Amino acid sequence: MQAMAKAADLDELRARKRFEPGAVEPALMRQWLDSGLFHPAPEGDASENYSIAIPPPNITGGLHMGHALNGTIQDALIRFQRMSGRRTRWIFGTDHASIATQRQVEKELISLGTSREELGREGFLERTWSWRERYGATIVEQYKRLGASCDYGDERFTMDAAYAQAVSLVFVELFERGYIHRDHYMVNWDPGSGSAISDLEVEEREETDTLYRIAYPLADGSGEIVVATVRPETMLADSAIAVNPGDERYAALVGREAILPLVGRRLPVIADEYVKTDFGSGALKVTPGHDPNDFEIGRRHGLEQHSVIGEDGRMTAEAGEGFAGLTVLEARAAVVAGLERDGALRGSEPYTHSVPYSHRSGERIEPLISLQWFMRMDELAAPAIAAVRDGRVRFHPERWASVYLDWMENIRPWCVSRQLWWGHRLPVYYCDACEETYVAREPPASCGACRGPLRQDDDVLDTWFSSALWPFATLGWPERTDALRAFYPTDVVVTGRDIIFLWVARMIMMGIEFAGAIPFSDVYVHTVIQAPDGRRMSKSLGTGIDPLVEIDRSGADAVRFGMLAMSSTQDVRYSVEKIEQGERLANKLFNAARFVILGIGERGGAAAPRPSAIEDRWILSRLGRFEAELDERIVAYDFPRVALTLYDFVYGELCDWYIELVKTRLGDPDLDATLRHVLRRTLMLAHPVMPFVTEELWRYVRVDGEGLLAGATREAAELALDEEAEAALGRVMSATQAIRNWREQVAVKPGVALSARIEAAGYEQETGPLLARIARLSLDGDGDAIAVAHVAIPGGAVAILEGVDLGAHSERQARERDRLQAEIDRLRAKLANDAFVRNAPPAVVEGERAKLAALEAELEELR
RNA sequence: GGGCGCGUAGCUCAGCGGGAGAGCGCUCGCUUCACACGCGAGAGGUCGCUGGUUCGAAACCAGCCGUGCCCACCA
């Protein structure tokens with residue numbers, strides 16, 4: 001039952017000389033979506049099915065290069081597995097991205113002349129939801145442009161009602177298990193977003209500030225202690241002066257008091273191991289309210305906590321008259337001026353150090369003491385560490401495992417509360433009357449103790465708290481749904497290294513703790529694509545390249561090919577050339593298929609191969625190798641070689657050789673069958689990389705009853721190599737190249753037939769005539785004619801018999817002889833080396849001997 | 001301060017123990033009846049430097065130089 005191509009279809013195809021992606025992509029995507037292939041029924045269990053949970057894109061942005069790379073890799077895996085016959089689901093959805101989204105909406109409000117505060121919490125949330133309705137779909141449509149075969153029919157959002165239920169359940173359970181608690185603690189305060197942020201959202205930047213040395217007089221008037229600081233404004237909140245307990249210079253001062261300049265407060269001199277004797281003066285001003293280290297020292301020594309910098313980044317009333325209300329920088333200048341006036345400054349010098357900045361707002365972090373919710377991580381980390389250590393979770397490349405382990409083994413508490421409005425509001429309720437706290441999904445109507453009204457905590461959770469539940473909350477957890485059974489655990493998570501801690505580690509911990517299984521067995525950490533000049537790709541730097549523009553220009557298949565070809569285990573620069581390589585490959589595939597399809601015409605032809613010539617046996621053997629290699633590369637996450645292998649096969653074997661070799665045989669039914677088979681297999685193999693062009697061509701070669709290529713199953717073929725055909729064709733190919741090269745050298749046009757005689761072994765039967773045809777040799781001349789030239793080919797030479805002007809020939813032949821002789825000398829020396837023959841593996845030695853013999857035969861023919 | 005990468009053809013990158021590779025760019029030649037987004041033939045590299053291991057090193061080891069990233073509480 002073979003489909004016969006319709007004459008009208010063929011005429012249409014004949015007119016299409018180029019593959020035009022823009023003209024076919026939307027319709028093909030439509031067909032895929034309508035087919036339901038991307039939306040599998042939740043049947044079977046996760047061990048037999050294949051699933052990936054997409055790193056949910058933020059609703060704030062458009063598709064950037066990172067998405068394009070990340071999405072292409074996942075889609076290649078998903079399509080490959082789907083075509084291998086597995087029930088396959090690519091879990092899809094978007095992330096509410098608390099801070100990023102809130103900032104975006106706030107920016108819009110300001111441009112409209114209003115503000116978050118003016119709208120109030122309810123109004124703001126309403127506004128943000130409608131913002132999400134307007135813009136949230138953008139990124140989804142853009143994933144479709146890429147050809148991503150996500151399950152769009154079951155799209156999730158991290159603030160869906162059901163998802164929110166899962167989030168609050170997890171929070172409450174963690175609280176009840178004692179992992180979550182509330183505390184006054186030093187946090188990274190981001191004045192830009194008006195919220196605490198986690199350690200992972202802080203980035204350090206090198207900066208040169210001024211290091212001031214300030215004299216603190218001793219209370220008894222017997223002298224002074226000099227301390228050094230880059231933040232003199234924080235001295236207003238000093239609680240002590242600390243020295244190292246072993247520092248003899250200060251031993252006598254410990255226990256006495258100093259006077260804080262400008263303020264007049266008496267500060268105890270304390271001894272603490274933290275203080276380095278060899279830094280500065282060896283004495284440290286201790287500011288528990290505004291420095292993380294000092295905070296710890298303060299806890300150890302029971303020091304007072306003063307707060308002189310507020311959450312708005314300005315000096316508080318406690319900073320005192322003359323300072324309150326100033327910005328931090330203004331206060332710094334004022335403090336320095338005051339110290340100078342009072343003669344307390346003992347010097348200053350430029351000082352380069354790292355300064356914390358908010359990754360979110362870009363503003364400088366203010367370490368502040370704040371009342372926040374913290375999550376203890378060490379116990380949750382233990383099983384997640386074990387899962388990686390014993391190989392139940394594997395990182396690719398492996399080195400990321402140790403990065404993960406290092407972080408996990410030194411994991412610190414996670415500040416999960418954010419002073420924002422957009423996000424999952426904490427399921428925490430307070431009674432202001434009697435100070436009771438309730439942590440519950442469904443709080444009582446009023447305080448159980450005093451019947452007073454309850455007030456919900458204003459804070460929301462860190463976005464990554466909900467992201468951590470993504471692989472199972474998307475599948476309906478905590479309900480025991482069919483989807484959960486069918487697709488959890490997923491198989492792999494594909495991501496950039498920047499979110500290994502933020503996301504991957506937390507998914508593993510939460511998956512183990514709540515879903516009862518590690519969420520995926522493999523973590524593929526892909527490259528980061530940089531701008532062509534090596535800088536970071538970013539909108540603000542103006543270095544971003546829009547993948548959608550690239551898709552418009554070159555087609556989605558080209559971009560996908562380029563992404564895979566560029567991907568690497570190290571960072572790489574964006575290369576348009578790789579996209580263009582993909583564009584050419586798509587076009588090449590299109591035209592090769594067009595040639596085959598039009599060549600077969602309306603004859604139909606069986607889909608099973610019927611090799612009747614040596615080149616048929618050759619291409620089938622090469623196809624087998626190609627399949628095996630492609631399968632191997634893709635499951636090894638070696639995407640650049642997936643792309644390269646595909647390119648090499650299509651260009652280097654299928655088009656440049658096979659199709660050229662069989663052109664004269666068109667019309668032979670055996671050839672039709674073989675061509676059709678090879679083309680079908682090639683389309684199947686290329687489909688995970690280039691789904692559009694292959695799907696477009698598939699309709700011409702599919703048999704009756706077959707559906708879309710995206711849904712086709714490629715049964716794994718047994719690798720049946722035909723070594724004999726490969727060796728024979730290998731000789732023909734080398735010989736052809738040698739003869740073409742020779743023609744070029746002696747300026748004989750490619751079209752001119754040369755009268756010749758093959759004086760070499762290995763060209764018996766079909767192979768000789770094949771060589772003659774492809775290299776344009778005429779073998780039926782006078783068998784005894786005298787050769788005017790010899791061209792070395794594997795196994796001997798081709799004697800050229802007549803009709804050639806050999807102006808450049810002898811020079812060229814001499815060069816060829818020299819080359820062969822040099823190679824022969826090298827091999828002889830090697831084989832004469834006793835140590836080599838004795839120590840090298842016998843197979844290697846044997847190989848070298850064979851090489852030598854072949855080269856000697858070639859040289860002999862040239863004499 | 002600790003850790004992880006990377007330095008190979010003009011450019012972007014593969015190769016990671018047995019004859020230096022790809023794509024682009026460059027040169028030359030082709031109206032070869034699928035494709036000029038094509039076909040064919042070429043030129044181009046002391047594989048960062050120095051030492052070591054080995055019969056054999058671009059590949060393994062050590063040191064150095066250059067470069068990128070991650071982690072880290074020295075004012």
Side-chain angles (χ1 to χ4, degrees), chain A residues 13-14 17-19 186 199 203-204 211-212 227-231 234 242 274-276 278-287 291-297 351 353-354 356 367 397 399-400 402-403 406-407 410 497-498 500-501 528 530 532 534 536 554 558 565-566 568-578 580-599 640-641 643-644 647-648 652 655-656 659-660 663 736-737 740-745 747 749-751 776 823 826-827 830 833-841 843-845 847-848 851 855:
Chain A
L13 181 63
R14 189 170 289 117
K17 295 205 165 186
R18 270 183 218 156
F19 176 59
M186 176 73 48
D199 296 338
E203 64 183 50
E204 303 283 335
L211 183 70
Y212 296 94
V227 300
T229 181
V230 288
R231 301 202 60 191
T234 65
Y274 170 77
V275 183
K276 304 277 180 294
D278 57 355
F279 189 91
S281 63
L284 173 69
K285 69 189 261 307
V286 183
T287 319
D291 183 280
N293 303 310
D294 295 8
F295 178 79
E296 296 296 337
I297 296 174
Y351 183 69
H353 63 143
S354 61
R399 68 187 134 91
W400 295 109
S402 63
V403 174
D406 282 350
W407 186 75
N410 299 294
R497 55 157 192 269
D498 50 330
I500 290 175
F501 307 145
V528 174
Q530 302 167 327
R536 226 164 55 80
S554 301
M566 265 179 250
S568 162
T569 56
Q570 61 165 316
D571 289 354
V572 289
R573 300 178 182 206
Y574 185 77
S575 119
V576 202
E577 290 80 9
K578 291 283 194 293
E580 289 167 352
Q581 191 180 354
E583 192 178 352
R584 280 192 304 275
L585 177 59
N587 186 60
K588 190 75 175 175
L589 206 47
F590 181 80
N591 274 291
R594 183 166 154 263
F595 176 77
V596 169
I597 293 158
L598 295 173
R641 266 184 290 189
L644 208 63
Y647 184 92
D648 286 346
C655 293
D656 290 350
I659 290 180
E660 293 302 326
K663 272 182 175 172
T736 303
Q737 282 165 332
R740 282 175 180 162
N741 176 278
W742 182 84
R743 281 178 187 267
E744 192 86 13
Q745 295 296 329
K749 300 248 179 196
R776 303 222 176 192
E823 195 64 13
R826 194 185 66 77
L827 285 172
K830 195 170 185 180
N833 179 351
D834 208 37
F836 170 72
V837 179
R838 210 174 38 229
N839 295 321
V844 172
V845 178
E848 300 293 273
K851 256 188 269 176
L855 291 170

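Per chain, numbering begins at 1; letters A, B, ... match sequence-line order. Computed from a predicted model, the values in this text were never measured in an experiment.
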Contact state string [nucleotides 29-35 of chain B, B base, S sugar-phosphate only, - no protein heavy atom under 4.0 Å] = -S---BB
Annotated protein contacts, base or backbone, on nucleotides 2-12 of chain B with a non-hydrogen cut-off under 4.0 Å, one of B, S, - each = --SSS-----B
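Following rounding to the nearest Å, Trp742(A) (CH2) and G40(B) (P) show an atom-to-atom distance of 20 Å. In this structure, CZ of Arg838(A) is placed 13 Å from C1' of U54(B), rounded to the nearest angstrom. In this structure, Phe836(A) atom CZ and A57(B) atom C1' are separated by 15 Å, rounded to whole Å. The separation between Glu204(A) atom CD and G1(B) atom C1' is 13 Å, rounded to whole Å. When rounded to the nearest whole Å, the span between CG of Leu284(A) and C1' of A75(B) equals 5 Å. Across the protein-nucleic acid pair, Leu585(A) atom CG and A22(B) atom C1' stand 14 Å apart, rounded to whole Å. Put simply, CZ on Phe19(A) is 16 Å from P on G38(B), counting in whole angstrom units.
Checked against C55(B), A75(B), C37(B), the side chain of Glu583(A) finds its nearest nucleotide in C37(B). Among the nucleotides A41(B), G23(B), G18(B), the one closest to any side-chain atom of Gln737(A) is A41(B). Closest to the side chain of Lys276(A), from the set C55(B), A14(B), C74(B), is C74(B). Each of G19(B), G40(B), G23(B) was ranked by its minimum atom distance to the side chain of Tyr647(A); first place goes to G23(B). Which of C69(B), A75(B), C55(B) sits closest to the side chain of Ala228(A) comes down to A75(B).
Taking the ring axis of Phe19(A) as reference, the NZ or CZ atom of Lys17(A) does not stay both within 45° of it and closer than 6.0 Å to the ring centre. Note that Lys588(A) lies outside the cation-pi zone of Tyr647(A), set by a 6.0 Å cut-off to the ring centre and a 45° limit from the axis.
On the P atoms, G21(B) is 15 Å away from U46(B), given to the nearest whole Å. Only the P atoms considered, G45(B) is 7 Å distant from G10(B), to the nearest whole Å. Remark: the separation of the P atoms in G63(B) and C4(B) is 12 Å, to the nearest Å. On the C1' atoms, G52(B) is 16 Å away from G17(B), given to the nearest whole Å. Straight-line distance between the C1' atoms of C55(B) and U50(B): roughly 23 Å, to the nearest whole Å. Of the C1' atoms belonging to G56(B) and G19(B), the separation is 12 Å, rounded to the nearest Å. When the P atom is compared between C16(B) and A22(B), the two are found 16 Å apart, to the nearest whole Å. Going from the P atom of C39(B) to that of G7(B) covers 31 Å, rounded to whole Å.
Among the atoms of the strands shown, only primed sugar atoms or phosphate atoms (P, OP1, OP2) are found under 4.0 Å from some heavy atom of Arg497(A). When heavy atoms are screened at a 4.0 angstrom cut-off, Val227(A) is found touching no nucleic acid atom at all.
Heavy-atom distances to RNA chain B give each of Asp291(A) and Arg826(A) a nearest nucleotide, and the one nearer the 5′ end belongs to Arg826(A). Comparing Asp648(A) and Arg584(A), the nucleotide of RNA chain B nearest to each residue sits closer to the 5' end for Asp648(A).
Shown here are the side-chain contact (heavy atoms from CB on, under 4.5 Å) partners of Ala283(A), two or more places apart in sequence or in another chain: Ile225(A), Val227(A), Ile241(A), Val243(A), Tyr250(A), Ser281(A). With sequence neighbours left out, Thr736(A) forms a side-chain contact (heavy atoms from CB on, under 4.5 Å) with Trp657(A), Val732(A), Arg740(A), Leu771(A), Ile774(A), Ala775(A). With sequence neighbours left out, the salt bridge (Lys or Arg N to Asp or Glu O under 4.0 Å) criterion links Arg826(A) to Glu823(A).
The pair Asp571(A)-Arg497(A) meets the salt-bridge criterion, with a side-chain N (NZ, NE, NH1 or NH2) lying under 4.0 Å from an Asp/Glu carboxylate O.
Arg743(A) places a side-chain heavy atom less than 4.5 Å from the side chain of Arg776(A).
Enclosure of atom CZ in Arg536(A) is not indicated, since only 12 or fewer non-hydrogen atoms of other residues, nucleotides or ligands lie within 6.0 angstrom.
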I would like to know whether Asn591(A) and Arg594(A) meet side chain to side chain donor-acceptor pair (under 3.5 Å); could you show each step before the answer?
-> CA-CA 5 Å; Asn591(A) 274 291; Arg594(A) 183 166 154 263; 2.9 Å; yes
State the dot-bracket string of RNA chain B. Criteria: Watson-Crick or G-U wobble, both atom distances under 3.5 angstrom; notation: ( ) intrastrand, [ ] crossing earlier pairs, | interstrand, . unpaired.
-> ((((((((.[[[[.)..(..]]]].(((((.......))))).....[[[[[..)....]]]]])))))))....
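Side chain of Asn839(A) to main chain of Ala835(A): a donor-acceptor pair is present (N/O by atom type, distance under 3.5 Å, no hydrogens or angles).
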